[in-house]
Amino acid sequence: MTRPTAYVHHEVYEGRGFSRLRDPWRRYALARETLAELGFFPDYLRTYRQEPAGDDDLLLVHDQAYIDFVKRMDEAGSGYLDYGDTPAYRGVLRRARLAVGGTLLAARLVANGSVQHAFNPGGGLHHARRDRAGGFCVFNDVAVAVRVLQKEYGVRRIAILDCDGHHGDGTESVFYDEPALTVSLHRYDGRFYPRSGTLEETGRGAGEGYNLNLPLPKAAGDGAFFVALGEAALPRLQAFHPELLFVQAGADGHHGDTLVRLGLSLAAYARLGDAVHSLAHELCAGRLVLVAGGGYKPESVARCWAVFLAAIAGAPPAALGRMRQWREEDQSPSATPEALAQVRGEVAYLRERGALTEPTDGR
Ligand SMILES: [Zn+2]
Ligand SMILES: [Zn+2]
């Protein structure tokens, strides 16, 4: 059997989180209970506990002034870190440091060869920018981990595939001017949070051609999602040929999630797991760092993470039977022909512009 996948967990995850919504905080405990019941630990998933990230790590991405602001808001113990989404409270700073520390641990375990795949369910805070919080995100854990891998391990070609239902605007902004490949699939209609993530955001300067957005309509469904993934995101990642791949899985695209409503089925998360797992083995010796991101209905989050991880870490045979049953119960609405046509049009447009291949001089 292959080595277990690392599963990063800290008890702080089971307390108050970063969202103003209360229910999602429960998802970490529920997911662990579900995975434990299915027999994933310790042969398929092995638990690791992280340390909080220090200022030195955070400063690789964030401003000192912003870090100081979060410290002051933590001490004040009330209010918001942004305009009403991301609450401040006593302990939010430590919680935010641990979220980053979790992705740092996952990234280091993969980079130093301790494991091939590692998952931090508390990571994926992709709306956080250099100087501000946003959308339930305080510090950008994936961006900090990329910086640490560049600095400590000399990893040069890093790709981030973001399949959360929202655009990874914070992550995009951090790497916009450099040739780190950022790919985001998300709901977009010009109004939906964070109101960015168009086809035209392609990167700038040395980063031109290294940012790829795949906007999806509401209720896109598995059909449209996998056209975007299979015909645009994966070919672009193959052309880039990363040394290490970050994947933000997200669970908020599931049809049961009330915040995004991308209309994805449970089976889509299994298929996504398969796709990124194969890709990591094909391109970068399996080096795969996974974070969760959104997901606001704990019951569907636990199931999405379980089927996603089963595709990557493997699963006990009894668990496979249970998960097959879940997929049969999971009635997702089918995608509209309009959604499919929109995404096919986007792929054709990107192909025509050469956006799915590596930039060459003169483009
Ligand atoms: Zn593997
Ligand atoms: Zn999201």
Side-chain angles (χ1 to χ4, degrees), residues 1-7 17-21 24 27 40 43-46 85-86 99 106 109-110 113-119 121-128 133-137 140-142 160-172 184-189 192-197 213-216 218 220 225 244-245 247-264 269-270 272-297 300-301 304-305 308-315:
M1 206 175 80
T2 55
R3 280 174 298 167
T5 289
Y7 188 103
F18 302 124
S19 75
R20 57 182 158 71
L21 313 164
R27 65 188 196 161
F40 274 90
D43 290 344
Y44 298 87
L45 295 174
R46 187 161 297 167
D85 278 332
T86 316
L109 288 168
V110 170
S114 301
V115 300
Q116 281 188 306
H117 321 312
F119 177 56
L125 303 163
H126 62 169
H127 300 306
F136 316 152
C137 301
N140 195 312
D141 54 298
V142 168
I160 303 162
L161 171 64
D162 186 338
C163 296
D164 185 275
H166 297 91
H167 176 226
D169 59 331
T171 310
E172 173 180 296
S184 180
L185 287 79
H186 47 263
R187 182 174 156 198
Y188 175 80
D189 59 14
F192 185 69
Y193 187 87
R195 307 168 109 184
S196 56
N213 283 324
L214 294 154
L216 304 169
K218 186 178 179 182
F225 180 85
L244 185 142
L245 175 63
V247 174
Q248 175 149 352
D252 53 5
H254 185 258
H255 66 87
D257 202 291
T258 47
L259 220 61
V260 178
R261 298 198 186 281
L262 265 186
L264 299 184
Y269 288 90
L272 175 65
D274 257 333
V276 300
H277 182 241
S278 303
L279 190 77
H281 280 284
E282 175 196 328
L283 298 180
C284 46
R287 285 187 287 270
L288 184 57
V289 182
L290 310 159
V291 294
Y296 302 98
K297 199 179 158 217
S300 57
V301 171
C304 288
W305 290 357
F308 177 75
L309 289 172
I312 290 157

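Indexing begins at 1, ligand by ligand and atom by atom, following the structure's order.
Contact check for V289 versus V247: no side-chain heavy atoms found under the 4.5 Å cut-off. Inter-residue side-chain proximity for F308 and V276 is flagged as met; some heavy-atom pair is nearer than 4.5 Å.
Looking at D252 and the Zn ion (ligand 2) together, the shortest N, O or S contact belongs to OD2. Closest N/O/S atom of D164 to the Zn ion (ligand 2): OD1. In H166, the N, O or S atom that comes nearest to the Zn ion (ligand 2) is ND1.
Partner of W305 under the ring pair (Phe, Tyr, Trp, His ring centres under 6.0 Å) criterion, chosen from F119, Y269, F40, Y7: F119. Each of H167, H127, H126 was evaluated against Y193; a single residue qualifies, H127, per the ring pair (Phe, Tyr, Trp, His ring centres under 6.0 Å) test.
Excluding waters, the set of protein N, O or S atoms lying under 2.8 Å from the Zn ion (ligand 1) comprises H117 NE2, H277 NE2, H281 NE2.
For R20, the CZ atom counts as densely surrounded, since its 6.0 Å shell holds more than 12 non-hydrogen atoms of other residues, nucleotides or ligands.
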Test ring-ring contact (aromatic ring centres under 6.0 Å, His included) applied to H166 and F192, step by step | CA-CA 8 Å; H166 297 91; F192 185 69; 5.0 Å; yes
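Judged as a side-chain contact (heavy atoms from CB on, under 4.5 Å), and not counting sequence neighbours, the contacts of A311 are D274.
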